[in-house]
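See structure below.
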Amino acid sequence: QVQLVESGGGLVQAGGSLRLFCAASGRTLGSYALGWFRQAPGKEREFVGSIRWTGISTVYADSVKGRFTISRDNAKNTVYLQMDSLKPEDTAIYYCASGRFSTSRRDYDYWGRGTQVTVSS
């Protein structure tokens, strides 16, 4: 079992920044990855980015590449999503998930409840 809790969401103006947190606990995380996904109203949940718990591998969706950065603190079992140059189209509920290092949500088997990010124009 893995428990994931997101925080850090809120309301920000376009061009601004937010930092999301995902606190993880439970099974040994070393062989897994932590991914971020988002879901806007009326849309499918989509991949944002992912990071392995060990090593330096990260992968990002094209829509956020160069603006969002994922990092982690293994000692705190926490993964961060730094979001810069935010756009109104980034508005969504953001979820973190644990699973295989992948861009597909099918490869992630534990999910947090999400945190709302709203970007005003």
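Both backbone and side-chain heavy atoms feed into the values below; hydrogens, waters and symmetry mates do not.
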### Task
Apply side-chain contact (heavy atoms from CB on, under 4.5 Å) to Phe68 and Leu86, showing your working.
CA-CA 9 Å; Phe68 290 11; Leu86 282 161; 3.8 Å; yes
If you define the side chain from C-beta out and look only at heavy atoms, does anything of [X] sit under 4.5 Å from [Y]?
| X | Y | answer |
| --- | --- | --- |
| Val59 | Phe47 | yes |
| Gln39 | Arg105 | no |
| Tyr110 | Gln1 | yes |

### Message
Show, in sequence, the C-alpha distance, side-chain angles and deciding distance for Lys43 and Arg38, and conclude whether the side-chain contact (heavy atoms from CB on, under 4.5 Å) test is met.
### Response
CA-CA 10 Å; Lys43 294 189 175 181; Arg38 66 186 182 185; over 6 Å; no
### Query
Would Val79 and Ile93 show up in the same hydrophobic cluster when neighbours are defined by side-chain heavy atoms closer than 4.5 Å?
no
### Task
Please check if Trp36 and Val119 belong to a single hydrophobic cluster, counting links between Ile, Leu, Val, Met, Phe, Trp and Tyr side chain heavy atoms closer than 4.5 Å.
yes
### Task
Return yes when atom CZ of Arg100 has more than 12 non-hydrogen atoms of other residues, nucleotides or ligands closer than 6.0 Å, and no otherwise.
no
### Task
Count the heavy atoms belonging to other residues, nucleotides or ligands that lie under 6.0 Å from NZ of Lys76, then report whether that count exceeds 12.
no
For the residue pair [Y] / [X], report whether a side-chain donor-acceptor contact shorter than 3.5 Å exists.
| X | Y | value |
| --- | --- | --- |
| Ser17 | Asp84 | yes |
| Ser25 | Gln3 | yes |
| Tyr80 | Arg19 | no |

### Message
Does Arg45 qualify as a cation-pi partner of Tyr95, given the criterion of NZ or CZ under 6.0 Å from the six-membered ring centre and within 45 degrees of its axis?
### Response
yes
### side-chain contact (heavy atoms from CB on, under 4.5 Å), paired with Leu18, selected from Val117, Asp90, Thr115, Thr118
Val117
### Task
Please report the C-alpha distance between Thr69 and Tyr60 in whole Å, then the side-chain angles of each, then the deciding distance to 0.1 Å, and finally whether the side-chain contact (heavy atoms from CB on, under 4.5 Å) criterion is met.
CA-CA 8 Å; Thr69 304; Tyr60 297 95; 3.9 Å; yes
#### Entry: Heavy-atom donor-acceptor pair, Arg72 side chain to Trp53 backbone, under 3.5 Å
yes
Do you know the tightest heavy-atom contact between [X] and [Y]?
| X | Y | answer |
| --- | --- | --- |
| Ser50 | Ala33 | OG-CB, 3.8 Å |
| Leu34 | Cys22 | CD1-SG, 4.1 Å |
| Ser102 | Asp107 | OG-OD2, 2.6 Å |
| Ala92 | Gln116 | O-NE2, 3.4 Å |

### Message
Using the ring centroid of each side chain, check whether Phe37 and Trp111 are separated by less than 6.0 Å.
### Response
yes
### Derivation of the side-chain contact (heavy atoms from CB on, under 4.5 Å) call for Met83 and Tyr94
CA-CA 11 Å; Met83 305 186 294; Tyr94 283 71; 3.9 Å; yes
### Summary
Output for pair (Thr78 OG1, Leu20 CG), nearest 0.5 Å, gives 12.5 Å
